[in-house]
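Below you'll find the structure, written out as structure tokens, and then a few comments.
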Amino acid sequence: MIVCAMNFTGKTKLTNEEFMDFYEELWEKTSHRGTYPQKSEIEKNKAEGEKRYNSLEKELENEMWQELPNSKSYKISTAGRVKYNDKIILQYDTEKTGYLRLDKNENGVDHTVTVYTLVAKAFLGKTEGDGYDVHHIINNGYDNRPCNLILLTREQHNAVHSEKKYTLDELRNILKVPIL
């Protein structure tokens, strides 16, 4: 497995000005418009994602582990895997939402949080109520490696997922970016 550490922007989150620089590429990488997730996308990615994250190998190639902030029990890896008390926790999408959660049969773990949220907290500095949404860059909710994630404001996230591709002037207006 190839493990990557940082997304193509080299940033964990984007200012509105930076977002405008990366908007076109982010919009192109986001294949869906309107309602997400599409059933075809879920089926295509589900088996691969569960296989990747449910590897019980102690370490994958180039994998690094980091403690979840404010928790001594959870560790998150650059491959998007999760350990609880040093045991790898299996991940599933039992509700078919397009996003992985921790195994409901595992005692002591939080089953309500999405795995991508844990990865964003460990590697991108995501905090509760910070005003940022976690965006999957290549539109695959089962790819929870840090290189597939970026923090976007709600306005930025909505623009990337919009059915309409905005012009820079329209984006500037939506994001309230002054003309220099």
Side-chain angles (χ1 to χ4, degrees), residues 2-50 52-53 69 76 78-80 82 91-102 110-180:
I2 298 171
V3 180
C4 51
M6 183 56 76
N7 66 58
F8 77 97
T9 70
K11 306 269 185 180
T12 58
K13 57 186 165 186
L14 301 174
T15 65
N16 284 336
E17 291 81 4
E18 291 168 331
F19 177 77
M20 290 179 64
D21 291 339
F22 292 110
Y23 169 72
E24 187 162 334
E25 190 168 354
L26 284 165
W27 194 88
E28 293 297 331
K29 289 176 183 293
T30 304
S31 62
H32 65 275
R33 304 289 173 249
T35 308
Y36 181 79
Q38 303 291 326
K39 283 189 176 201
S40 60
E41 288 177 294
I42 290 174
E43 295 305 317
K44 175 182 164 202
N45 298 323
K46 187 175 188 300
E48 180 184 318
E50 287 179 351
R52 175 186 303 147
Y53 298 116
I76 315 299
T78 52
V82 178
Q91 302 176 27
Y92 298 102
D93 182 14
T94 52
E95 280 107 44
K96 296 187 178 165
T97 60
Y99 302 105
L100 293 168
R101 296 184 188 276
L102 301 179
D110 183 352
H111 307 295
T112 60
V113 67
T114 52
V115 174
Y116 70 83
T117 301
L118 294 173
V119 174
K121 286 179 176 182
F123 291 99
L124 306 182
K126 171 85 175 126
T127 59
E128 295 297 321
D130 64 4
Y132 287 91
D133 294 342
V134 181
H135 176 67
H136 287 84
I137 293 171
I138 61 168
N139 198 50
N140 178 351
Y142 295 110
D143 184 347
N144 295 316
R145 296 172 299 157
C147 63
N148 186 38
L149 303 176
I150 191 164
L151 300 176
L152 300 177
T153 65
R154 177 57 48 98
E155 294 80 13
Q156 293 168 349
H157 204 204
N158 288 343
V160 168
H161 285 282
S162 173
E163 290 189 38
K164 175 184 169 46
K165 185 175 181 182
Y166 297 110
T167 65
L168 287 181
D169 285 337
E170 289 171 321
L171 263 184
R172 189 173 279 112
N173 187 43
I174 291 167
L175 301 174
K176 298 173 180 59
V177 175
I179 298 173
L180 299 178

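Worth saying up front: this structure is predicted, and the values here are computed from it rather than measured. Computed over heavy atoms, backbone and side chain alike; hydrogens, waters and symmetry mates excluded.
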(request) Could you tell me the separation between the CZ atom of R172 and the CG atom of N16, rounded to the nearest 0.5 Å? (result) 11.0 Å
(request) Using side chain to side chain donor-acceptor pair (under 3.5 Å) as the criterion, list what pairs up with Y92, not counting sequence neighbours. (result) none
(request) Apply side chain to side chain contact (heavy atoms under 4.5 Å, CB included) to K11 and list each qualifying residue two or more places apart in sequence or on a separate chain. (result) T9, L14, E18
(request) Search all heavy atoms of N140 against all heavy atoms of N148 and return the closest pair with its distance. (result) O-ND2, 3.4 Å
(request) Compare all side-chain heavy atoms of N7 with those of L149 and state whether any distance is below 4.5 angstrom. (result) no
(request) For N173 and L175, indicate whether the former's side chain and the latter's backbone hold a donor-acceptor pair under 3.5 Å. (result) no
(message) Applying side chain to side chain donor-acceptor pair (under 3.5 Å), can you list everything that pairs with E170, at least two apart in sequence or on another chain?
(response) K164, T167
(request) Taking salt bridge (charged side-chain N to carboxylate O under 4.0 Å, His left out) as the test, write out the residues that go with E24, two or more places apart. (result) K165
(message) Just so I know, are the side chains of L118 and L102 near enough to count as touching, which here means a heavy-atom distance under 4.5 Å?
(response) yes
(message) So, using side chain to side chain contact (heavy atoms under 4.5 Å, CB included) as the criterion, who are the partners of L168 when residues are at least two apart?
(response) M20, L171
(request) Determine the minimum heavy-atom distance between V115 and G80, stating which atoms define it. (result) CG1-O, 3.6 Å
(request) Only counting residues at least two apart or in another chain, list the ones meeting side chain to side chain contact (heavy atoms under 4.5 Å, CB included) with T12. (result) M6, L124
(request) Give the minimum heavy-atom separation between L152 and H135, together with the two atoms involved. (result) CD1-CB, 3.6 Å
(request) Taking ring pair (Phe, Tyr, Trp, His ring centres under 6.0 Å) as the test, write out the residues that go with F22, two or more places apart. (result) F8
(message) Show the nearest heavy-atom pair for residues N144 and H136, with the distance to one decimal.
(response) OD1-NE2, 3.1 Å
(request) Report the distance from atom OH of Y132 to atom CD of Q156, rounding to the nearest 0.5 Å. (result) 7.0 Å
(message) If the condition is ring pair (Phe, Tyr, Trp, His ring centres under 6.0 Å), which residues does F19 pass it with, not counting sequence neighbours?
(response) Y23
(request) Could you check if a side-chain atom of H161 sits within less than 4.5 angstrom of a side-chain atom of T30, using non-hydrogen atoms only? (result) yes
(message) I need the minimum non-hydrogen distance between A122 and P69, along with the two atoms involved.
(response) CA-CD, 4.0 Å
(request) State which residues pass side chain to side chain donor-acceptor pair (under 3.5 Å) with D21; sequence neighbours excluded, sorted by chain then number. (result) none
(message) Using 0.5 Å steps for rounding, measure from the OG1 atom of T153 to the CG atom of N158.
(response) 8.5 Å
(message) Quick test of your reading: applying salt bridge (Lys or Arg N to Asp or Glu O under 4.0 Å), list the pairs with at least one residue in residues 115-130, sequence neighbours left out, ordered by first then second residue.
(response) K121-E128, K126-D130
(request) If a pair satisfies salt bridge (Lys or Arg N to Asp or Glu O under 4.0 Å) and one of its residues is in residues 150-161, list it, with sequence neighbours excluded. (result) D133-R154
(message) With no hydrogens and no angle check, just 3.5 Å: does a side-chain donor-acceptor pair link D93 and Y99?
(response) no
(message) Between R101 and V113, is there a side-chain heavy-atom distance shorter than 4.5 Å?
(response) no
(message) For a quick test of reading the model, state the closest non-hydrogen atom pair linking V119 to R145 and the distance between them.
(response) CG1-C, 4.4 Å
(message) Going by the rule side chain to side chain contact (heavy atoms under 4.5 Å, CB included), which residues pair with T112 if we only count those two or more places apart in sequence or in a different chain?
(response) D110
